[in-house]
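Notes for the one structure printed next.
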Amino acid sequence: MAENGEVNIFLFREEKYTMKVIIVGGVAGGASAAARLRRLDEKAEIVVFERTGYISYANCGLPYYIGGTIDDPEELTLQTPESFFSRFRVDMRVHHEVIDIDAAAKTVRVKNLESGEEFTESYDKLILSPGAKSTVPPISGVDNSRVFSLRTVEDTFRIKDFIDSASPRSAVIVGGGFIGMEMAENLREKGLEVTIVERLNQLMSPFDRDMVSFIHGEAREQGIKLVLGAGVQGFEEAEKGLNVLIEGAPSIAADMVIMAIGVTPDTALARAAGLELGIRGSILVNDRMETSAADIYAVGDAVQVRHSVSGKDVLLSLAGPANKQGRIAADNICGGDSRYKGSQGSSVLKFFSLTAACTGLNEAGAKAAGFDTDKVILSPMSHAGYYPGGKVMTVKLVFEKGTYRILGAQIIGYEGVDKRIDVIATAIHAGLKATELTELDLAYAPPYSSAKDPVNMAGFMAENIAKGVLKQWFVEDEPALPRDGSVILLDTRTPREYDAGHADGFINIPVDELRQRIAEVEKGKKVYVMCHSGIRSYIACRILEGEGYEAYNFSGGYRFFSAVKNDLRLHEKSSPCGMDA
């Protein structure tokens with residue numbers, strides 16, 4: 001092993017030996033572990049037991065097959081048992097379920113789900129990669145044939161077959177997470193009327209309530225109805241479908257229902273074997289992916305991990321971490337010393353024309369973890385403004401006060417969102433401060449970016465805060481702003497922009513006229529300034545500060561302000577429990 005702890009496969013044991021490794025589960029973590037094991041040890045016997053009929057399939061692509069974006073079902077499977085054996089000489093046995101582990105005897109009991117035969121298999125090393133199962137609450141009617149969940153390829157085919165044969169016209173999606181949003185988009189694209197029911201008062205909980213306003217707006221614009229802050233109590237058979245019973249609100253008629261309220265670690269096997277468990281029954285592992293039992297490893301959605309920003313134990317069901325963990329387990333089985341340093345939760349969602357991405361902690365999560373937070377919100381263009389086709393994105397960077405340690409980021413927009421979130425994710429992993437984002441040397445050409453990239457701009461704003469050049473106020477501060485004249489509320493956009501819509505109580509002095517009209521701003525009062533994106537208002541703040549005023553710039557601009565306020569207004573005006581009219 002190298003001095004820095006990195007794995008050096010050339011230093012693995014030189015002796016040729018045969019060991020037998022059994023892997024339970026052949027999707028992301030299990031398949032990754034199997035392939036890595038073979039690359040490191042040509043002589044090992046590797047057997048994978050997978051209870052479904054498919055291995056190494058693309059979970060994240062399943063909604064897009066239902067919607068028709070992916071039209072060939074074979075595209076969903078990255079490997080078949082035959083192709084995996086041909087390349088890696090790994091014995092992939094589908095429709096085989098491991099039903100018992102004897103850790104002392106180092107054996108597993110396996111059931112052939114096609115024949116019903118049971119047999120015992122011994123191992124030298126065992127990797128558990130059972131994944132997670134769709135969470136299905138114990139409510140009435142949940143076993144109705146029109147109620148579906150989506151986790152496996154077989155689930156996908158059942159939903160697709162129902163749509164093709166029954167031609168449903170309406171669907172209710174229960175849950176507003178990644179799967180729920182992707183299913184909502186794909187069913188809407190197929191022409192179904194779609195309603196999303198979410199127990200929280202917002203969709204997409206990895207995002208803060210202010211940022212998710214853009215996602216709510218896109219959903220409504222696409223004709224999707226939202227029922228927020230309400231849970232589903234059950235399902236009743238109706239003449240032509242189902243009635244979805246909603247807490248404190250009228251029921252919703254639907255031809256089909258997709259349950260997408262989350263996943264639960266599938267750890268009954270580990271529990272029965274006496275392995276030590278963590279939060280929500282997940283498998284407890286160390287940073288080498290070792291369980292509490294000798295020679296048993298666990299990876300993927302079933303294991304508890306450490307959040308690399310908060311340091312707290314979490315469950316994160318993501319393909320990237322599962323694949324990394326499978327690789328680490330294989331390295332260590334083959335004599336290496338690889339370590340899993342934790343999960344950061346970097347994610348991205350396509351939702352119709354929007355792209356929404358996040359990494360690390362959101363503001364609410366950072367505060368819950370005990371951080372004293374600060375933030376910047378900006379609305380830069382995806383590329384140079386003079387080059388045609390640029391689109392605005394909204395960036396929210398959350399960092400720790402005083403230290404400027406980056407805690408997380410959220411970006412919602414169109415083009416270029418994914419690459420900016422990846423840059424910030426890398427910066428978090430590398431331990432950069434928010435102020436150090438100014439120093440990143442990022443690629444620039446007019447079709448792709450600006451000379452001052454949005455990530456650099458977020459850094460400039462943090463740097464201005466650190467130097468005392470920028471003082472901010474936020475959308476949550478607006479209701480408490482006095483309208484009695486004790487402070488100055490100033491909108492620095494053009495009269496035309498102002499007339500099209502402005503915050504209550506704000507007077508209009510365009511930034512380019514501010515120096516000439518400075519006498520209109522009464523001295524001795526704090527000035528709260530706003531413009532469309534935050535740039536003109538920042539310039540106005542610098543002018544005012546130079547003239548002896550105490551000025552605060554609105555973070556995010558009127559575009560952000562109006563999106564948040566409009567979303568809250570629609571939610572408050574909606575029928576009980578936040579049901580869109």
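Reckoned from all heavy atoms, side chains included, excluding hydrogens, waters and symmetry mates. This is a predicted model, so every value here is computed, not measured.
Within 6.0 Å of NZ in Lys160 there are more than 12 heavy atoms belonging to other residues, nucleotides or ligands. A 6.0 Å sphere centred on NE2 of His95 holds more than 12 heavy atoms belonging to other residues, nucleotides or ligands. By the 6.0 Å contact criterion, CD on Glu218 is enclosed, its count of non-hydrogen atoms from other residues, nucleotides or ligands being greater than 12. Enclosure of atom OH in Tyr448 is not indicated, since only 12 or fewer non-hydrogen atoms of other residues, nucleotides or ligands lie within 6.0 angstrom.
Using a 4.0 Å cut-off between charged side-chain N and carboxylate O, Lys396 and Asp210 make a salt bridge. With salt bridges taken as basic N to acidic carboxylate O contacts below 4.0 Å, none links Asp453 and Lys419. Salt bridge Glu121/Arg109: absent, no basic N to carboxylate O contact under 4.0 Å. Residues Lys350 and Glu182 are not paired through a salt bridge, judged by the lack of any N-O separation under 4.0 Å between the basic side chain and the carboxylate. Salt-bridge check for Asp331 with Arg36: passed, with a basic side-chain N closer than 4.0 Å to an acidic carboxylate O. Taking a cutoff of 4.0 Å between a charged side-chain nitrogen and a carboxylate oxygen, Lys565 and Asp567 do not qualify as a salt bridge.
Thr394 and Arg559 form a side-chain donor-acceptor contact under 3.5 Å, judged by distance and modelled atom types alone. Ser32 and Arg327 share no donor-acceptor pair across their side chains, judged by distance under 3.5 Å alone. Under the 3.5 Å distance criterion, with hydrogens and angles disregarded, no donor-acceptor pair is assigned to the side chains of Glu236 and Ser251.
Geometrically, Lys391 engages Tyr414 in a cation-pi contact defined by less than 6.0 Å to the ring centre and at most 45° from the axis. Cation-pi geometry between Arg89 and Phe85 is met: under 6.0 angstrom from the ring centre, within 45 degrees of the axis.
For the pair Pro380 and Pro454, the tightest heavy-atom approach, listed with the atom from each and the gap, is CG-CB, 3.5 Å. Taking both residues in full, the closest heavy atoms of Leu192 and Pro168 are given as CG-O, 3.5 Å, listed atom of the first, atom of the second, then distance. When all heavy atoms are compared, the tightest approach of Arg188 to Gln222 is NE-O, 2.8 Å. Here the closest heavy-atom approach between residue Ala364 and residue Asp208 is recorded as N-OD1, 3.1 Å.
Ring geometry for Phe84 versus Phe88: interplanar angle of 30 to 60°, hence tilted. Relative orientation of the His96 and Phe119 rings is perpendicular, given thresholds of 30° and 60° on the angle between their planes.
For Phe157 and Tyr65, the distance between ring centers is under 6.0 angstrom.
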Start with the C-alpha distance between Thr80 and Ser83, add both sets of side-chain angles, then the distance that settles side-chain hydrogen bond (donor to acceptor under 3.5 Å, both in side chains), and finish with yes or no.
CA-CA 5 Å; Thr80 65; Ser83 66; 3.2 Å; yes
Determine, stepwise, if the pair Ile99 / Val110 fulfils side chain to side chain contact (heavy atoms under 4.5 Å, CB included).
CA-CA 6 Å; Ile99 57 177; Val110 186; over 6 Å; no
Apply side-chain hydrogen bond (donor to acceptor under 3.5 Å, both in side chains) to the pair Ser149 and Arg158, showing each step before the final yes or no.
CA-CA 10 Å; Ser149 60; Arg158 279 192 290 270; over 6 Å; no
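Interatomic distance, CG of Leu37 versus CD of Glu45, reported as 12.5 Å (0.5 Å rounding).
The one candidate from Leu76, Asp155, Ile70 that meets the side-chain contact (heavy atoms from CB on, under 4.5 Å) condition with Leu62 is Leu76. Screening Glu114, Glu97, Glu154 against Arg51 for a salt bridge (charged side-chain N to carboxylate O under 4.0 Å, His left out) leaves a single residue, Glu97.
Contact annotation: the side chain of Ile283 approaches that of Leu128 to within less than 4.5 Å [non-hydrogen atoms, C-beta and beyond].
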